[in-house]
Amino acid sequence: MTATNPLSGSERALGGVTTDFVADSPDLLARWDEHQAWWDERLQHRVDPFARTTLGPISTECETRTRDGATYAGVNFASQDYLNLASHDAVRAAAKATIDRFGVHSAGSAALMGNTSASVLLESALANFLGYRDCIVFPTGWGAGYGTVKTLVRPTDHIVIDVLAHACLQEGAHNATRNVHTFPHLSNAAVERRLRRLRQADTEAGILVVTESVFSMDSDVPDLAELQAICTKYGATLLVDVAHDLGAIGAAGGGYLERQGMVGSVDLVMGSFSKTFASNGGFVATNQPALRRALLCRCGPLMFTNAISPVQATIVSTALDIIRSSEGAELRERLMRNILYMRKRLEEESFEVMGAPSAIVPVLLGTSRFARLITRFALEGGALVNSVEYPGVSRNSCRWRIQMMANHTIDQIERFIDIAKNARERVERDDVLEPT
Ligand SMILES: Cc1ncc(COP(=O)(O)O)c(C=O)c1O
């Protein structure tokens, strides 16, 4: 049976969310027809800002193409390349030299012969940077998060996880055990209450507490020192995902762990290279040397998949060298100046800016109708920006997830502000939706 939706015509493109349009059909392939039709309708009305293609190097100005071949050029706040290392000369030169030395492929799992001297070097450099005895590199950050949670936790153990933790952590948790306890966002008090109850009932079970140093849709930050102390008190292990701030925030690039004096002091740290380190890939860092073998023997996303390529490993190592240098410190200062300027200007123009200063500047837009229209008008006005809607965030708390880079100029930020204001005025004035 086809899913029914009360909206019709263009209204349909402005309402609903992706999960509303999947039919209850026993035919596993046919059940997606209605869903495809809805997305095509959104595209036709230019309110599908997703799955675009970038037509050149990532930079503060970019050109992008939508599924129907329309191209848009503009100031770019939609890419995650916080320190602009993806186009850095030293990173590109190192990548080219690595291709000459190793070719382009790791050609095997890290559990077999897929590690290269480039990836081994990266692991020790990262362990040193993060203040841990060991660091294990994964081909994706997603796999590092999912796989670490899934490998550590048995079905009889417990996971206590922030309700807004990233999908890789949530999916890992639900696949590891049925004992998943979500806690209200950032609430250390709720973690403590839960741990006390769990420990009263069971002294033997393992407990993993999971959070992020900067939340990717809200840009807010937990009190990590307090959370680690609570975990230690109740014999729980803390895992912190540092994907969005490692390298980009903090005088030395240690992210909010550094800002809170916690570098090397939480039980486990995992992260991704895809935001600041110019490559696919991820890692988990630990003081427990036995974890490496455990992951190599038990963790699907490390064991049953091809290892990070030597080119990617060298890119990340070179990015890390820059991050640790005075140039890295200067890039972070520029990034932070841009972040603070963007946040201030948006607030001055009565946009609702969320969270703490990080390379992600979330702007609350509200309903999907408003978010889809303002994003369309912004794109047409020359601003590339990502809109997030359900299931990335809860229904009707759609937002722009503005992603800042060190190389953005004040002029580009001002241009974005003008475009955003015009787009908002257009929605408030016209709220029209005409098919192309
Ligand atoms: C908080 C967080 N963790 C993990 C990931 C996954 O990282 P990757 O892109 O390397 O798979 C992401 C990226 O979306 C993220 O935002």
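- The side-chain hydrogen bond (donor to acceptor under 3.5 Å, both in side chains) search around R345 returns E348, E349, E414, not counting sequence neighbours.
- Applying the side-chain hydrogen bond (donor to acceptor under 3.5 Å, both in side chains) test to R65 and every residue at least two apart in sequence or in another chain returns nothing.
- Under the rule for a ring pair (Phe, Tyr, Trp, His ring centres under 6.0 Å), the partners of F273 that lie at least two apart in sequence or sit in another chain are F277, F283.
- With sequence neighbours left out, the ring pair (Phe, Tyr, Trp, His ring centres under 6.0 Å) criterion links Y82 to no other residue.
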(request) Report the C-alpha distance between E61 and R415 in whole Å, list the side-chain angles of each, state the deciding distance to 0.1 Å, and finish with yes or no for salt bridge (charged side-chain N to carboxylate O under 4.0 Å, His left out). (result) CA-CA 12 Å; E61 305 275 338; R415 185 146 39 104; 2.5 Å; yes

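- The ring-ring contact (aromatic ring centres under 6.0 Å, His included) pairs that include a residue from residues 391-416 are F77-H408, F77-F416, W400-F416, where partners are two or more places apart or lie in different chains.
- Remark: R401 engages Q80, S216, M217, H244, I360, V388, Q403 in a side chain to side chain contact (heavy atoms under 4.5 Å, CB included) (not counting sequence neighbours).
- In this view, T53 satisfies the side-chain hydrogen bond (donor to acceptor under 3.5 Å, both in side chains) rule with no residue, not counting sequence neighbours.
- The salt bridge (charged side-chain N to carboxylate O under 4.0 Å, His left out) analysis of residues 291-305, with sequence neighbours excluded, yields the pairs E123-R292, D134-R292.
- Within the structure, salt bridge (charged side-chain N to carboxylate O under 4.0 Å, His left out) contacts touching residues 205-231 (residues at least two apart or in different chains) are D218-R399.
- Contacts classified as salt bridge (charged side-chain N to carboxylate O under 4.0 Å, His left out) and involving residues 162-178 (residues at least two apart or in different chains) are not found.
- Remark: H185 engages F215 in a ring pair (Phe, Tyr, Trp, His ring centres under 6.0 Å) (not counting sequence neighbours).
- Y390 meets the ring pair (Phe, Tyr, Trp, His ring centres under 6.0 Å) test with no other residue; sequence neighbours excluded.
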